[in-house]
Amino acid sequence: MDYIKWSQEYIDEAQKLLIAIEHKKQKLHSATLDERHTLNADIIKLRNIYYECMLTAKHLCERAGVTQNAA
């Protein structure tokens, strides 16, 4: 298994999540109260997935014997 490649895939997905989070944050400015509630809930879910991706990437790097500097 190529743990480094696998780790990079998780980091790439995490970067996509950051873009999605920023997109939802931009929508907050013009959203109604109900929409804000939904957007904030979505942002929280996406952040949790982002942190899980980064944690998994870190563990995979450690498994390969490499220190991950991206966080």
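A quick note: this is a predicted structure, and the numbers were derived from the prediction, not measured.
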*Give the minimum heavy-atom separation between Y50 and A14, together with the two atoms involved.*
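Heavy atoms only, the tightest pair is CD1-O, 3.3 Å.
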*asked:* For a quick test of reading the model, state the closest non-hydrogen atom pair linking A64 to I4 and the distance between them.
replied: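 Closest heavy-atom pair between A64 and I4: CB-CD1, 3.6 Å.
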*Distance-only, no hydrogens or angles: does the T56 side chain make a donor-acceptor pair with backbone N or O of E52 under 3.5 Å?*
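Checking the backbone N and O of E52 against the side chain of T56, a donor-acceptor pair under 3.5 Å is found.
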*Does the side-chain contact (heavy atoms from CB on, under 4.5 Å) test come out yes or no for L18 and Q15, once each step is laid out?*
CA-CA 5 Å; L18 285 179; Q15 294 305 313; 3.8 Å; yes
*Parallel, tilted or perpendicular: rings of Y3 and W6 (30°, 60°)*: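 Parallel: the ring planes of W6 and Y3 meet at under 30°.
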_Atom CZ of R36: over 12 foreign heavy atoms under 6.0 Å_ =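 Result for CZ/R36: enclosed.
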*Pair C53-I11, side-chain contact (heavy atoms from CB on, under 4.5 Å): steps then yes or no*: CA-CA 7 Å; C53 282; I11 292 170; over 6 Å; no
*Would you sort out whether L55 and H59 count as a side-chain contact (heavy atoms from CB on, under 4.5 Å), showing the intermediate values?*
CA-CA 6 Å; L55 183 61; H59 287 302; 3.4 Å; yes
*With sequence neighbours left out, write down each residue that passes side-chain contact (heavy atoms from CB on, under 4.5 Å) with E22, or none if nothing qualifies.*
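Per chain and number, E22 pairs via side-chain contact (heavy atoms from CB on, under 4.5 Å) with K25.
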*With a 4.5 Å heavy-atom cut-off, do I43 and L28 have their side chains touching?*
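They are in contact (side-chain heavy atoms under 4.5 Å apart), so the answer is yes.
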Measuring from atom [atom1] of [X] to atom [atom2] of [Y], what distance do you get when rounded to the nearest 0.5 angstrom?
X: K45; Y: K24; atom1: NZ; atom2: NZ; result: 9.5 Å
X: L17; Y: D12; atom1: CG; atom2: CG; result: 11.0 Å
X: I49; Y: I44; atom1: CD1; atom2: CD1; result: 12.0 Å
X: K27; Y: T38; atom1: NZ; atom2: OG1; result: 11.0 Å
X: E9; Y: D2; atom1: CD; atom2: CG; result: 9.0 Å

*Apply side-chain contact (heavy atoms from CB on, under 4.5 Å) to the pair Q8 and K5, showing each step before the final yes or no.*
CA-CA 5 Å; Q8 188 59 50; K5 181 180 176 188; 5.7 Å; no
